[in-house]
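Reminder, nothing fancy here: chain letters follow the sequence lines and each chain counts from 1. Keep in mind that what you see is a predicted model, and the values were worked out from it rather than measured. These values consider heavy atoms only, across backbone and side chains, with no hydrogens, waters or symmetry-generated copies.
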Amino acid sequence: MKIALFATCIVDAMYPRVAQATVQILERLGHEVVFPAGQACCGQMHLNSGYFREALPVVENHVRAFEAGFDSGEYDVAVAPSGSCVASVKHQHAMVAQWAVERGGSGRADPTLAARADAVGQRTYELSQLLTDVLGVSDAAAQLGSYLPGTITYHPSCHGMRLLRLGDRPLSLLRTVEALDVVALPEADQCCGFGGTFSIKNADVSSAMLADKVANVCGTGAGACAGGDVSCLMHIGGGLSREGRTTAEGTPVRTVHLAEVLASTRENPLRFDGEFALVGGAR
Amino acid sequence: MTTVNLGLPAVPPRGFGNISATEPFPKAAHRELGNAQLRANLGHATHTIRDKRLRVVSELPDWEALRDAGSAIKTDAMSRLPELLVQFEEQFTARGGTVHWARDAAEANAIVERLVRATGSQDVVKVKSMATQEIGLNEYLEERGISAFETDLAELIVQLGHDKPSHILVPAIHKNRTEIRDIFLQEMPDVDPELTDEPRRLAMAARAHLRKKFLSAKVAISGANFGIAETGTLGVVESEGNGRMCLTLPETLITVMGIEKVLPRAQDLEVFMQLLPRSSTGERMNPYTSLWTGATSGDGPQNVHVVLLDNGRTRALADRHGRSALHCIRCSACMNVCPVYERTGGHAYGSTYPGPIGAILSPLLTGVEAEENSSLPYASSLCGACFDACPVKINIPEILVYLRGEDVEAKHGRGRAAGEAGGASDLKGNGRRRSLPTQMDVALGAASWALSSGDRLGLLEKGLPVARALAGRDGKISRLPGLAAGWTQSRDVPAPPSESFRSWWKKRATGGAPGEGDGARRGGAPGGGAAPGEGDGARRGGAE
C-alpha cells in the first residue's frame, strides 16, 4: 500500500525521530511511504484557541498538500503519529471551512473546502488505527520484529481516546512487543493538562493536572510512559524532567512514543537520550 | 393570556443575579487552587460520585439509546419552544395556576416580591433552585426585608455560611463536616452546643432547625426540573424530602422556571427520570419526585404561580451553534468528571453554573461580548470527558471551541456577518470591543503564516540549531520568555533536534542522509549533503 505520512508540525520540528520510527515500521511491513512536501500543520493550535481566521490558511494548506496525491493515486491513505492532529483533520477541518463560508466577508471563503477537507479527513488515520484496522497488525513482535526489554506504562491521550475512539488498539500493540512489560496507569483516562494554549492561558490548573499525572506515572514504577501524541508526551516529559523523577534504579523516568516502541528491534533496540527515546542506527 | 414573543433575543442586564463573573477564570482559579482543603474535599467528592455514576450507568444496556432519546426530545422542544410555552401556559392556567413572564432577573425578582407581599408574609421557605440562584433572588428579597430560608441541606449550609454554592447538585461540596459543624454552631440559634461532626448528628440538627421553618411557612419558592406542556404540570426532583415539605405545606407556591425546562409530553419523563438520577447522584431512582398540576381545593397550596424566566435563554436559543447548551438538565455529571472543575471548584467560574456546562452556558446567556464571562470558554483542556458523561449528549468541547472563536472575533472587532441570528453587534455599549493585539494574537498570526506552507515551515526549521542554544548542558530548556513562561513555570522543554524530519527526509531521498534514526541524534548533525532545492519531489518509495 502507498501511504502518505503526515508528520505534523511538532514532530517535524521537535521530534523527527517519531516520524522516522513511523517510516521504519511502515517500510518494514513492505509499504511505500510518501511525504507530501507541501504539508505543514493541521491548524489545531489555532482552531482550539479560537483563531479561526488564522486557522483557515493552515487548513487550506493541509487539504491542498494531501488531496492531490489521493486524487492521482500516488497514495491510498494518510497516517500521522498523533491522535489529536488526526482528530483535528477528521473533525475540525470541515467545521472551520463551514465557518468561513458562514462568516464570509474575508473574500477568501472557498465553498468547496468543507467537502474537500472531509474527503482528506476520511482517508487519514492515526498510527495505531492504521496498523490495526487497515494493515492488519495484531502481533508487533511477529509482524514488526518489535523488541524492547523493560517496563512501560501507557497514557491514552484524550483526543485519541474520545474523538477517535482508539480504544485498546495502542495498548494491544504494545502488549505484543517482545520482552516488554506493560503496566496499567492509574486514572489513565484523566487528561494530562496540556490542552494546547490551555497550558499557557490556564498554566496553574494545567500544572495541577500535570502533577497528578506525573505522580500516577511514577507510581507504576515503569521506566517510561508511552503515548500516541508527542504534545502530551512533551507535557508529561517536561513535568517528569522538572521534578527530576527517577525510577527505583535511579534512572530518569522518560516518555516515549508508540511508534518508537514498535520500531525498536533486537538488533537496534530503543535507547534513551534526553527527554525522548531514540531508535538507534540504520536498519 | 399573554402573547409570547421569543423573536427578540434578550441578554441579561449586567449587575443582576449570579451569572456574570467578576474576575477572569485564571485569576479566580489561581486563588482556589491555593486552598489545599478545598482540593482534597473536591477530589474525594467528585471521585466518589464519578465511580457511582459509572456503576449504575453500566447496568443499563440501553444507556446510549436513552441518551439519544433525551437529546432528541430536547432538540424537538427547543425547535418549537414558543408553541410549547403557550401550550404550557394554557394548561397551567386552565388548572387554576397563574403564569408570569420575566425577561430577565430584575423582572423575575420583582414579580416574586410582589407575589410574596400580597400574602402579607415576611418569610419564605425555598427548595433548592438554580433559576433563583441565577437571578439572585435571596439577596434581592433580603434587601427588601423578606427572609428566604433555604431548606436543602447543602444549600442551608451554604446560606448559613454566607457562602455561594460551588456545585449544581452538591452546593456545599467544598466543605467538609468539621467546617459544617462550625457553621451550624455559629449560625443556628437553638443548636446543641455539644454538636459533633458526626453526619447523623449534623443531619438531626439541620432537621430540627428546618422543621420549624416548614411548619410556619405560608409561602414557598421552588425551581422546577421539568414543565410538561401537554398537561401544565411542574416537577421537582430532590433527595431529602425538604422539597416535598415546601411544595405541599404552604398556602402559596411560587415556582421560577427557566423557559428551556419545558418538555412536550408527560411520557417524556420516562426518559429523563432514568437519565437524571443516574447521571447526577449515581442512583437508580430518584428519592423524592414531586409533580403538581395547578391547584386543588383543600389540598396543598391554593395559590400556585409560575414565573417563566428568559434571562438570556432566547439569546442562547438564537445561537444555532450554542443552543444545545439549553438541553442541559442540570445533572452535574460534566463537572464531576471535569479535571479542571475537580481542581478549582465551582467558585472559580464566578457563575451559578460552574464546570464545563457553565463554561458554555454562562457566556451563551450573557453574550460572549460581555467580558466578565469571556475567559470561561478557555477554562478547559478540551479533554472531552464532559461530552462522554452528558446524559443528553451536549457536545460541550465543540461549543467551547466555537465560543472561543466568537470571543476572538469580538476582541478583534470583527463582528458578525450581517443578518446572522444572535447578533450581539446591536447591543448598546458592549457590542464590539477592539483591543490591542495581544502576545497571543501576534504569536498565532505569525504561526499561521509559517504553518500554512511547507516551504515556509521548512525554511524556519533551518533555525533549529540556533534554538538548541537555548538549552542548557543537560539538553533542557527550563526558562522561556513571554507567553511561553507559563509553560516553563512547571515544565522543562527538551532541546530541539539539530535537524527537522523534513530536512532529513529530503537528504534521505537524494541519498545524502545517513541511516534511519541518525538525523535526530543529539549533537550528531548529519554532515555533508548539500540541501536539495526547495520543492523538489521530496519523496521516497519502497522498502529497502
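A:Glu187 touches chain B through its side chain: at least one heavy atom from C-beta onward sits under 4.5 Å away, while N, CA, C and O do not. Of the two parts of B:Thr344, only the side chain, counted from C-beta on, holds a non-hydrogen atom closer than 4.5 Å to a non-hydrogen atom of chain A. Both the backbone and the side chain of B:Gln489 come within contact range of chain A, judged by heavy atoms closer than 4.5 Å. For A:Ser49, the parts sitting under 4.5 Å from any heavy atom of chain B are the backbone and the side chain alike. If you measure heavy-atom distances from A:Ala65 to chain B, you find no contacts under 4.5 Å at all. Neither the backbone nor the side chain of A:Ile3 comes within contact range of chain B, judged by heavy atoms closer than 4.5 Å. For a residue to count as touching a neighbouring chain, one of its non-hydrogen atoms must lie under 4.5 Å from one of that chain's; by this rule B:Leu464 touches chain A with the side chain only. Both the backbone and the side chain of B:Ala447 come within contact range of chain A, judged by heavy atoms closer than 4.5 Å. Heavy-atom distances place both the backbone and the side chain of A:Glu54 under 4.5 Å from chain B. In this structure, the portion of B:Ala29 lying under 4.5 Å from any heavy atom of chain A is its side chain and not its backbone. At a 4.5 Å heavy-atom cutoff, A:His91 makes no contact with chain B through either its backbone or its side chain. Residue B:Ser380 touches chain A through its backbone alone, counting heavy-atom pairs closer than 4.5 Å. Neither the backbone nor the side chain of A:Met161 comes within contact range of chain B, judged by heavy atoms closer than 4.5 Å. In this structure, the portion of B:Glu342 lying under 4.5 Å from any heavy atom of chain A is its side chain and not its backbone. Interface residue A:Leu47: only backbone heavy atoms are found under 4.5 Å from chain B.
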(request) Might you work through the side chain to side chain donor-acceptor pair (under 3.5 Å) test for A:Gln92 and A:Asn48, ending with a clear yes or no? (result) CA-CA 9 Å; A:Gln92 292 187 310; A:Asn48 284 349; 2.8 Å; yes

(request) Any chance you could lay out the side chain to side chain contact (heavy atoms under 4.5 Å, CB included) test for B:Phe387 and B:Glu398, step after step, and finish with the verdict? (result) CA-CA 9 Å; B:Phe387 184 23; B:Glu398 193 174 284; over 6 Å; no

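Below 30°, between 30° and 60°, or above 60°: for B:His321 and B:Tyr402 the angle between ring planes is between 30° and 60°, a tilted geometry.
The candidate from A:Ser206, A:Ala211, A:Gly239 with the greatest count of non-hydrogen atom pairs under 4.5 Å with chain B is A:Ser206. When each of A:Ala19, A:Ala55, A:Gly195 is checked for heavy-atom pairs under 4.5 Å with chain B, A:Ala19 comes out on top. The candidate from A:Arg242, A:Gln39, A:Met209 with the greatest count of non-hydrogen atom pairs under 4.5 Å with chain B is A:Arg242.
Seen from the ring of B:Trp487, B:Arg491 counts as a face-on cation partner, given the 6.0 Å and 45° thresholds. Annotation: cation-pi geometry satisfied between A:Lys201 and B:Tyr378 (NZ/CZ under 6.0 angstrom from ring centroid, within 45° of ring axis).
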